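Have a look at the structure below before the remarks.
From a predicted model like this one, the values you see are computed outputs, not experimental measurements. Note: hydrogens, waters and symmetry copies are ignored here, and every other heavy atom, side chains too, is used. Residue numbers start at 1 and run along the sequence shown.
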Amino acid sequence: MAFPESFLQDLKMRSDITDIVSSYVSLKRRGRNMVGLCPFHGEKTPSFNVYTENGSFYCFGCGVGGDVISFVMKIENLDYTEAVKFLAQRAGLEVPQDSYDNSMSMLRKRVFEANREAARFYFDTLYSPNGRRGLDYFHSRMLSDRTIRRFGLGYADENWTSLCSYLRSKGFKDHELIAANLAVKRRNGSGVYDRFTDRVMFPIIDLRGNVIAFGGRIMTDQKPKYLNTSDTPVFKKSSNLFSLNNAKNSGTSVLLLCEGYMDVIAVNQAGFTNAVATLGTALTNEQAVLMKRYADEVIICYDADEAGQKATARAIPILRNAGLLVKVLSIPSGKDPDEFIKSKGSDGPAAFKALIEKCGNDVEYRLQKLKQNYNLDITDGRILYLENAAKVIATISSPIERDVYTSKICSEIGVDKNAFKQQIANRLRRSSREADKKHIRQIQTDLSGKNDKINIEHYKKPRSSSAEEALLVYLINNPDSYRDISSQINSGEFQNSLIKRYYEYVADRIENGLEPLTNISADFSSDEVSKLYQLMSQSIPAASTPEALREYINVINEECSKLNSNDLSSLSDAELRVYLDKIRKSKQ
């Protein structure tokens, strides 16, 4: 059962979407709408729109859209019930009790509780006789007990049922442990066993202080070396960062992006609390956008080995696209941050700080890496270096920044600046043409609906689907037209099953005197909600006229009257003649 309609309407009236979004995104007015950089994907040109008149949002870059509840669900990683409670608390409203289906919220709550209990269990085990092996490992890595406590580090012993037995004694059910990914179901179906065994454990904590997942390092040479919690109802590894809960309170707008848990913990112990790490995956756009909420600058502190350098090269454009200033820390002798700090003994923190202060930005890093690949003492080497350096400079959006690096490179190599600028201009033109072609192909693909994973039937039946989509948007914008529309058409004539579901949902609410979309976030998936708001955002004023409505209805009726090949094959000769005559008359 959903929340009472009157409560939701009151909640939305008191939760102005512009005010809510503005607390996360810097918005500027553009005509009747507000626009800003999307908080859900990295971008340099604003494509995130807030429609103040109908209380909705839509990003034309990543396709995310919805109402104020959808926005809070997405930005705060909450389910529907939790998002409503979040907004109600903000608006000073009391949430009606026992009037909604809170099964998912209850599961999420139990997963949070199970994770918290598991973290306590792993920590207690670490300091028990069974955890000696894990504690020795942490001490061998020169972690103090204070640091171990601060990060809540622990140990999963070698017994395959220790955690499951403990959590069952605390009242947790097997399905809750499986949902939390703390346990795995046995193949024969007879019970569950611990997911983590014989591993030192690293709790992953969200921005509210909830334990949402774990990373575990094996104590043997078995693979995988690190095992991480899979995605659960409270955790998505591609959109979270290790120790961001600490880094956001570090008092600086700079984040240190490390390669792993131990690097983050080591630099924290050395006094640098602004360090974070990804969670067993390469850096994602979601993680870069998340960092942008708390920082203006990111210093990449990956390992100096080949794998670390490849990861650095991949991370630079992702961070730049999120609007972050990027610098790269170069650690001598191929060491990682943890090794470097320890190698300097008591001088480790000061030495690491010195490295941070003199590290160059990502452009300087890339140019330096290029120099190492060519012999600049010979003509061919200088030519190859300059050609590739031009490619790097062409990725810089600021003309002033491009000119500074152009002057520096030409001075170092001894080449005419105008010639090098021409090479850069050629690269810029080529990149612009490639970007235009890619944009056109994307528009064509979007219009065709070929890759639309939500509205998959649009591509197969574009004419009927387009008319059904336009009719749906017309009805949402003009609910008083429902009687007129329903007298001319019914949902049984719709050929697109998703649009049919939308239409029947909206029609049912209008028939019952309710606003069409008040409870949409509860009744459809987040992707389906985004698709509906995409249709609404892409509609044009000319599509909302009575004349346009008649055309939509005519197209739907006409397409519905057409028979597919299987239907045609089953007709008698007389029935086929009648059908063909009907088609001919419809075209006159």
Side-chain angles (χ1 to χ4, degrees), residues 69-70 72-86 89 95 97-98 100-125 151-156 160-186 189 191-197 199 201-216 226-246 261 278-281 284 286-287 290 521-522 525-527:
I69 299 176
S70 305
V72 170
M73 289 172 66
K74 180 76 174 176
I75 199 80
E76 292 287 347
N77 189 30
L78 302 174
D79 67 18
Y80 175 75
T81 303
E82 291 167 336
V84 169
K85 290 181 177 179
F86 178 96
Q89 183 178 20
V95 179
Q97 298 298 314
D98 302 324
Y100 52 87
D101 179 4
N102 65 346
S103 56
M104 179 53 71
S105 289
M106 286 302 298
L107 178 60
R108 284 170 57 92
K109 180 182 178 182
R110 293 297 283 170
V111 169
F112 280 131
E113 291 172 348
N115 283 336
R116 184 177 66 245
E117 289 293 343
R120 289 173 178 167
F121 177 79
Y122 290 140
F123 179 81
D124 289 342
T125 301
F151 282 90
L153 305 182
Y155 178 68
W160 287 85
T161 59
S162 292
L163 179 66
C164 288
S165 297
Y166 172 77
L167 291 177
R168 283 199 196 100
S169 74
K170 293 290 184 178
F172 291 95
K173 306 299 183 184
D174 285 358
H175 77 273
E176 294 170 337
L177 305 185
I178 292 172
N181 202 223
L182 293 169
V184 179
K185 192 172 185 178
R186 296 186 185 278
V192 298
Y193 60 91
D194 294 358
R195 173 171 169 78
F196 300 97
T197 56
R199 292 177 183 271
M201 300 299 293
F202 303 84
I204 299 163
I205 300 172
D206 70 9
L207 297 172
R208 296 186 188 84
N210 299 306
V211 179
I212 57 175
F214 294 90
Y226 278 92
L227 182 65
N228 296 282
T229 300
S230 301
D231 288 356
T232 73
V234 303
F235 174 66
K236 184 179 179 184
K237 66 178 64 178
S238 63
S239 56
N240 285 278
L241 292 161
F242 179 67
S243 198
L244 184 60
N245 59 307
N246 295 314
Y261 305 127
T278 54
L279 303 168
T281 62
T284 67
E286 293 170 288
Q287 290 165 334
L290 180 60
S521 297
S525 71
S526 60
D527 288 337

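A ring-ring contact (aromatic ring centres under 6.0 Å, His included) with Tyr166 holds for exactly one of Tyr122, Phe121, Phe172; it is Phe121. With Gln287 as reference, Leu241 is the one residue of Asn240, Leu241, Leu244 to meet the side-chain contact (heavy atoms from CB on, under 4.5 Å) rule.
Looking only at side-chain heavy atoms (C-beta outward), Phe196 and Leu227 come within less than 4.5 Å of each other. Side-chain contact between Asn210 and Arg116 is absent, with no heavy-atom pair separated by less than 4.5 Å. Val211 is not listed as a side-chain neighbour of Phe112, based on a closest heavy-atom distance of 4.5 Å or more. With a 4.5 Å cut-off on side-chain heavy atoms, Val234 and Asn115 count as touching. Contact check for Met73 versus Ser521: side-chain heavy atoms found under the 4.5 Å cut-off. By the 4.5 Å heavy-atom criterion applied to side chains, Lys236 and Asn77 are not counted as neighbours. The side-chain heavy atoms of Phe214 and Asn181, taken from C-beta on, include no pair separated by under 4.5 Å.
Panel note: side chain Arg108, backbone Pro233; a donor-acceptor pair is recorded below 3.5 Å. Between the side chain of Asp79 and the main chain of Ser105, a donor-acceptor pair closer than 3.5 Å is present. With hydrogens and angles disregarded, no donor-acceptor distance shorter than 3.5 Å links the side chain of Ser243 to the backbone of Asn246. Counting only distance, with no hydrogens or angles, the side chain of Arg195 and the backbone of Asn228 share a donor-acceptor pair below 3.5 Å. At distances below 3.5 Å, at least one donor-acceptor pair connects side-chain atoms of Asp231 with backbone N or O atoms of Lys237.
With values rounded to the nearest 0.5 angstrom, Arg208 atom CZ is found 5.0 Å from Leu78 atom CG. The CH2 atom of Trp160 sits 3.5 Å away from atom OG1 of Thr197, with the distance rounded to the nearest 0.5 Å. Distance SG/Cys164 to CG/Leu182: 8.0 Å, rounded to 0.5 Å. To the nearest 0.5 Å, atoms CG (Leu167) and OG (Ser162) are separated by 10.5 Å.
Salt bridge status for Glu113 with Lys170: absent, with no side-chain N to carboxylate O gap under 4.0 Å. Salt-bridge check for Asp174 with Lys185: failed, with every basic side-chain N at 4.0 Å or more from each acidic carboxylate O. For Glu117 and Arg120, the salt-bridge test passes: some basic side-chain N is under 4.0 Å from an acidic carboxylate O.
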Worked verdict on Phe242 versus Thr278 for side chain to side chain contact (heavy atoms under 4.5 Å, CB included): CA-CA 6 Å; Phe242 179 67; Thr278 54; over 6 Å; no
Pair Phe151-Tyr261, ring pair (Phe, Tyr, Trp, His ring centres under 6.0 Å): steps then yes or no: CA-CA 10 Å; Phe151 282 90; Tyr261 305 127; over 10 Å; no
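No more than 12 heavy-atom neighbours from other residues, nucleotides or ligands sit within 6.0 angstrom of CD on Gln89.
Shortest non-hydrogen contact noted between Arg186 and Thr161 is NH2-CG2, 3.8 Å. In terms of heavy atoms, Leu107 sits closest to Ala179 at CD1-CB, 4.0 Å. The two residues Gly171 and Glu176 come nearest to each other via the heavy atoms O-OE1, 4.4 Å. Residue Thr232 comes nearest to Ala180 through the heavy atom pair CG2-O, 3.7 Å, listed as atom of the first residue, atom of the second, then distance. Pro203 and Gly152 get closest at one heavy-atom pair: CG-O, 3.0 Å. Between Gly216 and Met201, the closest heavy-atom pair is CA-SD, 3.9 Å.
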